[in-house]
Amino acid sequence: MMSDWWNAPEGVQILPDGGWRVGGFAIVHAPSLRYLKARLVFEESGAFLVEGAERVPVLVEGPAFEVTTLRFDEDAGEAWVALDDGTEEVLAPDALSLNEETGRFECLVREGLGRALLSRGAHQALLSRVEEEGGLFVLRVGPRRISVRT
């Protein structure tokens, strides 16, 4: 249970740059961030840290996750993202985008309800496969083309 080791103060938020803050204090301890990110749940009513019956609301202003690795399955035409909470997901057809404000690539995760920044390594893996087709950019994975939104 979260309360066994931490009474979360009010004001859990994810900043526009992806930084996490709790009660005005930055959370930078990697194991703590991974623990919190693994418990972040998105619902119609908002985002929450969930542990059992406990629910702590989270104000999400930016990408909550980071894509640590991109993995490609050429035969299936699928791209997989490994997130910094320890999970992996198939990249959805319209999930990739370039954030014009930050100039960084992001993707939608958690059924399109959350966002993740691409790490430097994931960014390089993406760029090695991006092509221009008819004025639009696509990620090439085997026979499949995944659009990159701008």
Side-chain angles (χ1 to χ4, degrees), residues 1-2 5-6 12-22 26-150:
M1 300 287 295
M2 273 188 276
W5 63 272
W6 178 54
V12 179
Q13 71 181 120
I14 301 164
L15 302 174
D17 68 358
W20 282 62
R21 296 184 81 67
V22 176
I27 299 186
V28 295
H29 183 249
S32 296
L33 278 170
R34 183 177 173 136
Y35 181 87
L36 294 173
K37 290 178 181 192
R39 283 148 183 82
L40 184 61
V41 174
F42 295 92
E43 300 174 354
E44 282 186 30
S45 57
F48 302 90
L49 294 174
V50 176
E51 177 79 21
E54 292 185 65
R55 299 167 56 83
V56 177
V58 179
L59 174 62
V60 179
E61 299 174 326
F65 304 97
E66 182 178 62
V67 174
T68 58
T69 308
L70 275 173
R71 185 170 53 85
F72 304 101
D73 182 339
E74 297 291 335
D75 295 331
E78 291 181 336
W80 288 77
V81 294
L83 300 177
D84 60 346
D85 68 346
T87 61
E88 277 194 347
E89 300 182 13
V90 173
L91 187 64
D94 197 30
L96 279 172
S97 66
L98 178 64
N99 184 318
E100 291 184 22
E101 292 177 19
T102 66
R104 293 188 64 184
F105 284 100
E106 298 181 357
C107 68
L108 297 175
V109 295
R110 301 278 172 93
E111 299 179 8
L113 299 174
R115 292 171 29 215
L117 285 172
L118 272 66
S119 67
R120 182 177 298 256
H123 179 99
Q124 292 302 319
L126 173 71
L127 288 181
S128 71
R129 293 174 168 265
V130 168
E131 300 174 349
E132 183 182 357
E133 290 184 357
L136 302 174
F137 292 98
V138 295
L139 170 63
R140 177 188 38 80
V141 184
R144 187 167 169 222
R145 303 295 183 261
I146 300 169
S147 66
V148 179
R149 296 178 288 115
T150 55

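All values below come from the heavy atoms of this structure, side chains included, with hydrogens, waters and symmetry mates left out. Start at 1 with the first residue, then count along the sequence.
Scanning for salt bridge (Lys or Arg N to Asp or Glu O under 4.0 Å) contacts around R71 gives E88, with sequence neighbours left out. Listed by chain and residue number, nothing satisfies the side chain to side chain donor-acceptor pair (under 3.5 Å) test with R21 (two or more places apart in sequence, or in another chain). Judged as a salt bridge (Lys or Arg N to Asp or Glu O under 4.0 Å), and not counting sequence neighbours, the contacts of E74 are R129. Partners of E111 under the salt bridge (Lys or Arg N to Asp or Glu O under 4.0 Å) rule, at least two apart in sequence or in another chain, do not exist in this structure. Residues passing the side chain to side chain donor-acceptor pair (under 3.5 Å) test with D17, sequence neighbours excluded: none.
Distance CH2/W80 to CG/L91: 11.0 Å, rounded to 0.5 Å. Between the CG atom in L118 and the CG atom in N99 there is a gap of 12.0 Å [rounded to 0.5 Å].
Under a 4.0 Å N-O distance rule, the pair D94/R149 qualifies as a salt bridge. Under the 4.0 Å criterion applied to side-chain N and carboxylate O atoms, E78 and R144 are not assigned as salt-bridge partners. At a threshold of 4.0 Å, the pair R110-D85 counts as salt-bridged, since one of the basic side-chain nitrogens sits closer than that to a carboxylate oxygen.
No side-chain heavy atom of L139 sits less than 4.5 Å from a side-chain heavy atom of R145.
What you find for P143 and G77 is that their closest heavy atoms are CD-CA, 4.4 Å. When all heavy atoms are compared, the tightest approach of L40 to F65 is CD2-CZ, 3.9 Å.
For residues 114-124, every residue pair satisfying the side-chain hydrogen bond (donor to acceptor under 3.5 Å, both in side chains) rule, not counting sequence neighbours, is listed here: E106-R115.
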